[in-house]
Number of protein chains: 2
Amino acid sequence: MSRKNNKEFTSDPLPKLGITPYLELMDQTAPKETDRKSAHLGLLMVWLRDHVLDAMDVELSPLGITESKLDLLLLLTLHNGREPVTPSSLADRLGIRRASVTALLDWLEKRKWVSREQSERDRRMIHVSITPEGRELVHQALPVFWSTCASLVSDMTPEEQKAAEHILNKLNERIEKRLGVGR
Amino acid sequence: MSRKNNKEFTSDPLPKLGITPYLELMDQTAPKETDRKSAHLGLLMVWLRDHVLDAMDVELSPLGITESKLDLLLLLTLHNGREPVTPSSLADRLGIRRASVTALLDWLEKRKWVSREQSERDRRMIHVSITPEGRELVHQALPVFWSTCASLVSDMTPEEQKAAEHILNKLNERIEKRLGVGR
DNA sequence: CGAAAGTAATTAGATTATCTAACTAAAATC
DNA sequence: GATTTTAGTTAGATAATCTAATTACTTTCG
């Protein structure tokens, strides 16, 4: 009769709450009629956000990496020669603090996916690069990444996908402007 | 000449990377043409997710609460009498472990926003309820919540909003189904 | 009945991803 | 050459989670 042996469970687990009750709550508490529609839309976004990354990290976990760490590796992959990459530049581009980058690099370096080298020109600086093993990991992770992305929208019709893309682009533009994100 | 006094900054901070270079990377690495369009769309979602919650927590922070904690309070607010709310049921509905709920409740209880009471019928169980102060907080937080939601989409035309809502609902449905979320 | 099994909540200890503030060492400026 | 600025790291914190073990009840079943 028991389902999960010694693991935690309730006799008849309540379903995780969907978005509907929240919308009802909003109807009772949102100030104006006009606000409601856009709040509804915004709520959908917040809701989606909650679930989208879960899906991504679940797919990536067999590779032993999370999205935020993969992100740093992607940055190194995207970097085409020229100016070397420094922890500071990574921090700027990821929008996090240098101290946080140090932690990420420690983790990635321990696994031999990136390497650090002191700059000759300015000995305060560190040049960060991705190792061949790191590239290999990225090579494995990308298809997972893309197919997870794709699967999120796979049951939409082409027209819906087109509409969705237009809308999401617009949203993205808006949010990037708001947060001051560059190219 | 210095901009931020003793704070951390780079002489000319590289812009935080937008979505475009990632899309280019995908073009180089995604297997098939057909996958690309949907991957593009999915990537937009992942991207949005990254930024949406930031916006929300920034707005909520003056109230001294974060979205995930507010979520628990909303659950208690939504609860209309009947069966008492237990930590287990909260865990199920929030989709997290009971141990995590314990931590959230400790935090909320310390601030007098919720209270715990041992059940008479089954003395293993705890009944959780929101205090008047908790209700007051929710009362203040909700307008912030809704207006942040609304502001995310405020510069769309009505038609765009309509299209967006349709699309996001569809996405939401899909994701809820996938994760087994109930009403 | 009373022992064994099941359940609810908590505790202890860990992880991930962040943060701020203080520190070290090097470079630039005046 | 002393001061200031910068790059990176360290130290220590927080939030939101997790798993495993523990405690205290309740239920079940021989």
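Convention: sequence-line order gives letters A, B, ...; per-chain numbering from 1. Note that the structure is a prediction, hence the values are computed from the model and not measured.
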Can you pull every protein N or O that's under 3.5 Å from an N or O on nucleotides 26-30 of chain C?
residue	atom	partner	partner atom	Å
C:dA27	OP1	A:R123	N	3.1
C:dA27	O4'	A:R124	NH2	3.4

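- The separation between A:D92 atom CG and D:dA7 atom P is 9 Å, rounded to whole Å.
- Contact annotation: B:T66 side-chain N/O to D:dA16 OP1/OP2 distance is under 4.0 Å.
- The closest side-chain heavy-atom distance from A:H127 to A:V85 is not below 4.5 Å.
- Annotation: side chain of B:L105 is in contact with side chain of B:V101 (closest heavy-atom distance under 4.5 Å).
- Computed from coordinates, the A:L60 CG to C:dT16 P distance equals 14 Å when rounded to whole Å.
- One can place CG of A:L94 at 10 Å from P of C:dC19, the figure rounded to the nearest angstrom.
- We find that CZ of B:R98 is positioned 13 Å from C1' of D:dT22, with the value rounded to whole Å.
- Side-chain contact check for B:V138 versus B:W113: every heavy-atom pair is 4.5 Å or farther apart.
- Distance check: A:R98 CZ to A:S89 OG gives 11.5 Å after rounding to the nearest 0.5 Å.
- Proximity of A:S68 to the phosphate of C:dA17: a side-chain N or O atom is located under 4.0 Å from OP1 or OP2.
- Proximity of A:I65 to A:L73: side-chain heavy atoms (C-beta onward) are separated by under 4.5 Å at one or more points.
- Both B:L60 and B:L76 are members of a single hydrophobic cluster when ILVMFWY side chains are connected at heavy-atom separations under 4.5 Å.
- One finds no salt bridge joining A:D106 and A:R111 here, because no Lys/Arg side-chain nitrogen approaches an Asp/Glu carboxylate oxygen to under 4.0 Å.
- Under a 3.5 Å cut-off, the side chain of B:D57 and the backbone N or O of B:E67 do form a donor-acceptor pair.
- If you chain together hydrophobic residues whose side chains sit under 4.5 Å apart, A:V114 and A:L142 fall into the same group.
- Between C:dT20 and A:R97, a contact under 4.0 Å exists linking OP1 or OP2 to a side-chain N or O.
- Between D:dG8 and A:S88, a contact under 4.0 Å exists linking OP1 or OP2 to a side-chain N or O.
- Protein atom CD1 of B:I96 is 10 Å distant from nucleotide atom P of D:dA16, rounded to whole Å.
- A heavy-atom distance below 4.5 Å is found between the side chains of A:P87 and A:V128.
- Distance CD1 (A:I65) to P (C:dT16): 11 Å, rounded to an integer number of Å.
- With C:dT18, D:dA16, D:dT10 as the choices, the nucleotide that has an atom nearest any side-chain atom of A:A103 turns out to be C:dT18.
- A close approach under 4.0 Å does occur between a side-chain nitrogen or oxygen of B:R116 and OP1 or OP2 of C:dT10.
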Give me, pair by pair, the N or O atoms of the protein and of nucleotides 2-5 of chain C that are less than 3.5 Å apart, along with how far apart they are.
none

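- In this structure, CG of B:L72 is placed 10 Å from P of D:dT17, rounded to the nearest angstrom.
- Secondary structure note: stems in DNA chain C built from 3 or more consecutive Watson-Crick or G-U wobble pairs under 3.5 Å occupy C:1-30 with D:1-30.
- Atoms CG (A:L70) and P (C:dT16) sit 15 Å apart, rounded to a whole Å.
- Taking the nucleotide of DNA chain C with the nearest heavy atom to each of B:T102 and A:L104, the more 5' of the two is matched to B:T102.
- Contact annotation: the side chain of A:I126 never approaches that of A:E117 to less than 4.5 Å [non-hydrogen atoms, C-beta and beyond].
- Classification of B:D92 and B:R97 as a salt-bridged pair fails, no side-chain N sitting under 4.0 Å from a carboxylate O.
- Across all strands shown, A:S100 has heavy atoms under 4.0 Å from base atoms, whether or not it also approaches the sugar-phosphate.
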